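The next block holds one structure in the form of structure tokens; read it before the comments.
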Amino acid sequence: MDIQAIRPLADSAITVDLAHEVGPYAAASVGTAVALLNHELEAGTLPGVTEITRAFCSVTLHYDALDGSHEALATRIADILAPAVVDAGPTGRAWRLPCCYCDEYGTDLAALAARLSLPRDEVVRLHRETTFSVHALGFLPGLPFMGGLPEALNVPRRTEPRVRVPAGSVAIANGLCVIYPWECPGGWHIVGRCPIPLFDVSRPSPALLDAGDTVRFEPVSAARMREIEDELARSAVGAAAFMEAEKP
Amino acid sequence: MRQRLRVLSPGLRTLVQDTGFRRSRRQGVPLSGVLDRTALAQVNALLDNPADTEALEIALTSPTLVAEGGPVRVAASGAVSGMVKTLKGDSRPLHPWTATTLLQGDTLNLSAPARGGTGLLGIGGGLDLPRVMGSRATFVRAGFGGLAGRALRAGDVLYPCPTPTINGIGTGTGAGSASGAGAGAGADRIIARPLALASGPIRVVLGPQREWFTDVAIETFVTQPYSVTPETDRMGMRLQGPTLAHAPGKGADIISDGIVPGAIQVPGTGRPIILLADAQTTGGYPKIATVISADLPRLAALVTGDEIRFAAVTLKQAEAAAREQRAALDNAVASICRAHRTGEIDIDGLADANLMGGVVDMCRPDNFPDHLYDPE
């Protein structure tokens, strides 16, 4: 595995850069590194480390300076990762999440289609036929940054961010797709709405998705989306029902 | 009836906080928790609580609480003081770094935290609230943790966890193990020698993105003064001062990577932002330096307009500072002793030792439009 840099966040954490650009190779490298390092963490062979997090091209190990040192950890990390082979196979669960692409919820679809010189239906088709990979969770609890968006849908953020993006909004920008777990301000182009709660503190692991998971969207009507919301509210169906495959 | 604290007035931003959501960053959950962990450890030691027990973090203005249903132990951090009024109309002061017992009907009227910043009020036994992801910290932006995911409101009722210390009041059975002086559990206790945080420049380790900045920018950063702006909250502290240039060909964007409280990011404006407890878990601006863990509590004492200077230290120095602070904290805890309400204690001496103040403009929880508009 190619270690590009090992960087200190003072005596609080160490970031290991594994790639220079966002994409499948970076995701596979990061996924492989996280799996190896978590294995060592569980075995107690990463002194002081409390938690390992991942981003698009890097892994960050958070540690307690009273129990571990940067020098010892950096050496240990290099010993573990340098000889490792990147595993490009699937690392997470496969999800098929409902998404309502109607005008009411896909508020930016028409403008986006005009901007991309594509028919509206073509924008929807490209989006729903994509298998997205969750590269990282961040910005807000449970918010997935998903790669794999076709080049034809690659647009920068909106110049005028919205003060309020509704919870569940599925949005694209900069070659990525996100789902907003909460209502918040945002500058991404909203293409639809997903009714499945992405973060629920009553679940043992509150975030629905994890880095390494894959997501495809299943188009649903507004009526069907409200039915799903109702079923979830009544606990007639759980979020797990939208998982197609367990972690390999 | 169970002993409890009723909130008569809540203060501007009083939050239940502990040491944060320490195993959930991988789910995109900020660490959160108190801004000053050394103060948390000390108020908890005063109460014989485990060091990471939750306390009330008070900002800008303070709450007024009344004890009902029985006695409740509380402890003030160095930035906090107040008056206890009994049902009979007697009053007595609650001094900084003091634990006292509120009897049924006693009203605790806290003063605004020192210098308008933050302070802590510890609760004997901690608070009987559900844990979220193993923590009782409050993360207001997403509305979870602590008390209903929000700041205290008038009328809220806080139930301390039942403890032997409370039940043992008057019998001495709960006498503090931390107290070599054998302080009784129901008696007032003080920290004779509270932890003195370092003075001088805030110590940082350069990086993680040192090479995203020109040498001139690094030199400026470690020699020139900055000041704390009102655009400061639990997420971060925006500074004013000389702008810091990004290196040619590098620019103000990186591929988002991991963040810790204390990381100092520099967006395109060239003005640094110190990330604090509620900062998001990843960020896309280059980080010129990171505050060492021993100096993070000092950030909690800064308020708008304060001057801040930085000094670069090595990782070995940062790690040594963490160990020294731990030893100093142990010494502070070992100095806990019984106080006498009659006034034998050198209150001025205690006040002089009070280095805790606070941040922040928390009336404006969302004053980081860059963060909020730019998830990438």
Side-chain angles (χ1 to χ4, degrees), chain A residues 5 7-15 17 19-22 26 34 50-62 64-66 68-71 136-145 157 161-162 173-174 176 178 180-182 184-188 199 201-202 205-207 210-211, chain B residues 21-31 130 132-133 139 141-145 149 203-211 255-263 280-283 287 289-296 313 315-319 321-323 326 366 369 371-376:
Chain A
R7 304 175 180 279
L9 285 140
D11 56 338
S12 294
I14 294 179
T15 290
D17 287 354
H20 285 310
E21 64 179 10
V22 179
V34 167
T50 56
E51 189 177 17
I52 297 168
T53 59
R54 62 188 280 177
F56 297 99
C57 296
S58 61
V59 175
T60 297
L61 296 88
H62 300 265
D64 185 332
L66 296 173
S69 81
H70 176 90
E71 196 180 334
L137 266 60
F139 181 62
L140 282 171
L143 185 144
F145 287 100
R157 283 188 293 259
R162 283 197 173 75
N174 297 340
L176 297 170
V178 296
Y180 286 88
W182 277 277
C184 71
W188 293 44
F199 196 88
V201 292
S202 69
S205 183
D210 197 2
Chain B
F21 307 101
R22 281 170 295 174
R23 301 283 188 279
S24 298
R25 282 181 274 217
R26 59 172 293 170
Q27 301 193 62
V29 179
L31 178 62
V132 172
M133 292 170 277
F139 182 50
R141 199 144 26 94
F144 60 72
R203 292 167 290 179
V204 300
V205 173
L206 292 176
Q209 278 90 31
R210 156 75 180 84
E211 71 266 35
I255 296 167
S256 288
D257 70 358
I259 278 175
V260 294
Q280 63 202 78
T281 52
T282 58
K287 295 167 281 291
T290 307
V291 177
I292 69 170
S293 62
D295 278 359
L296 286 175
V313 299
L315 278 159
K316 290 229 179 297
Q317 289 170 319
E319 288 165 357
R323 288 190 295 272
R326 179 58 208 223
D366 285 338
H371 293 243
L372 292 175
Y373 288 133
D374 293 345
E376 207 346 54

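Source: prediction; values computed, not measured. In what follows, every heavy atom counts, from backbone to side chain, and hydrogens, waters and symmetry copies are set aside. Throughout, protein chains are lettered first and strands after them, A, B, ... in sequence-line order, and every chain is numbered starting at 1.
Options A:Ala207, A:Ala136, A:Ala10, A:Gly68 differ in how many heavy-atom pairs under 4.5 Å they form with chain B, and the most are formed by A:Ala10. Heavy-atom pairs under 4.5 Å with chain A peak, among B:Met133, B:Glu319, B:Arg22, at B:Glu319. Put simply, of A:Ala13, A:Ser69, A:Ala26, the one with the most heavy-atom pairs under 4.5 Å next to chain B is A:Ser69. When A:Ser12, A:Ala65, A:Pro8 are compared by the number of non-hydrogen pairs under 4.5 Å with chain B, A:Pro8 comes out ahead. Ranked by heavy-atom pairs shorter than 4.5 Å toward chain A, the options B:Val260, B:Thr281, B:Leu206 are led by B:Val260. Options A:Gly142, A:Gly138, A:Pro206 differ in how many heavy-atom pairs under 4.5 Å they form with chain B, and the most are formed by A:Pro206.
Considering only residues two or more places apart in sequence or on other chains, A:Thr15 meets the side chain to side chain donor-acceptor pair (under 3.5 Å) condition with A:Thr60. Not counting sequence neighbours, B:Arg323 has no partner by the side chain to side chain donor-acceptor pair (under 3.5 Å) test.
For B:Ala322, the parts lying near chain A are the backbone and the side chain together; criterion is any non-hydrogen pair under 4.5 Å. Within the 4.5 angstrom heavy-atom criterion, no atom of B:Val204 approaches chain A. Using a 4.5 Å cut-off between heavy atoms, A:Ser58 touches chain B through its side chain atoms alone. Heavy atoms closer than 4.5 Å to chain A are found nowhere in B:Gln317, neither backbone nor side chain. Using a 4.5 Å cut-off between heavy atoms, B:Leu315 contacts chain A through its side chain alone, with no backbone atom that close. Looking at A:Ser205, the atoms closer than 4.5 Å to chain B (heavy atoms on both sides) sit in the backbone and in the side chain alike. Only the side chain of A:Leu66 has a heavy atom closer than 4.5 Å to any heavy atom of chain B. Contact annotation for A:Ile52: only backbone heavy atoms (N, CA, C, O) come within less than 4.5 Å of a heavy atom of chain B. Of the atoms belonging to B:Val29, heavy atoms from both backbone and side chain fall under 4.5 Å from chain A.
Side-chain contact check for B:Glu211 versus A:Arg7: some heavy-atom pair is nearer than 4.5 Å. A 4.5 Å side-chain heavy-atom check between A:Phe139 and B:Ser256 finds every atom pair outside the cut-off. Counting heavy atoms from C-beta outward, B:Val205 and B:Val313 have side chains that approach closer than 4.5 Å.
The aromatic rings of B:Phe144 and A:Phe199 lie parallel to each other, their planes meeting at an angle below 30°, with 60° marking the opposite boundary.
Residue A:His70 holds its NE2 atom at 9.5 Å from NZ of B:Lys316, rounded to the nearest 0.5 Å.
Results of the side chain to side chain donor-acceptor pair (under 3.5 Å) test with A:Glu51 over B:Arg23, B:Arg26, B:Arg25 single out B:Arg25 as the only residue that passes.
In this structure, the side chain of B:Thr290 engages the main chain of B:Gly207 through a donor-acceptor pair within 3.5 Å.
Aromatic ring centroids of A:Phe145 and A:Phe56 lie under 6.0 Å apart.
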